[in-house]
Amino acid sequence: MPDLPHLYTTREVADALHLNVQTVQAYVRAGKFPNTRTVGRKHLIPVDDVHAFLYPPTPTLAPRNTRSKAQQNKR
């Protein structure tokens with residue numbers, strides 16, 4: 001049997017994040033929890049989405065150009 005992700009209701013996410021349930025529902029509608037499943041009228045949010053919401057990936061910086069302007073102008 002495949003390992004199923006743990007799913008939280010909007011109430012559980014709201015309680016854990018100290019938010020209003022309506023705020024979490026608005027976040028679901030806005031796509032902040034992209035893998036949400038809807039069963040009936042209930043939204044089920046995977047734990048990975050909650051983790052990604054709390055700890056968004058940090059953007060990586062492009063490496064600086066280490067060539068001097070004189071070296072760049074030789075092209």
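Position 1 is the first residue of the sequence, and the numbers go up from there.
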Side-chain heavy-atom pair V13, F33 within 4.5 angstrom cut-off: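 With C-beta onward as the side chain, the pair touches.
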Heavy-atom side-chain contact between L7 and T36 under 4.5 Å: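 Of all side-chain heavy-atom pairs linking T36 with L7, none is under 4.5 Å.
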From [X] [atom1] over to [Y] [atom2], what is the distance, rounded to the nearest 0.5 angstrom?
X   : Y   : atom1 : atom2 : result
L17 : L54 : CG    : CG    : 5.0 Å
Q22 : R29 : CD    : CZ    : 9.0 Å
T9  : L44 : OG1   : CG    : 7.5 Å
T10 : N20 : OG1   : CG    : 10.0 Å
Q25 : I45 : CD    : CD1   : 9.0 Å

All ring pair (Phe, Tyr, Trp, His ring centres under 6.0 Å) counterparts of H18, not counting sequence neighbours: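 Once residues adjacent in sequence are excluded, H18 has no partner under the ring pair (Phe, Tyr, Trp, His ring centres under 6.0 Å) criterion.
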Ring centre gap for F53 and H51 strictly below 6.0 Å: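 No, ring centres 6.0 Å or more apart.
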Connected via hydrophobic side-chain network under 4.5 Å: Y8 and V21: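 No: no chain of side-chain contacts under 4.5 Å links Y8 to V21.
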Cluster link Y27 to Y55, ILVMFWY, side chain under 4.5 Å: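 In one cluster: yes.
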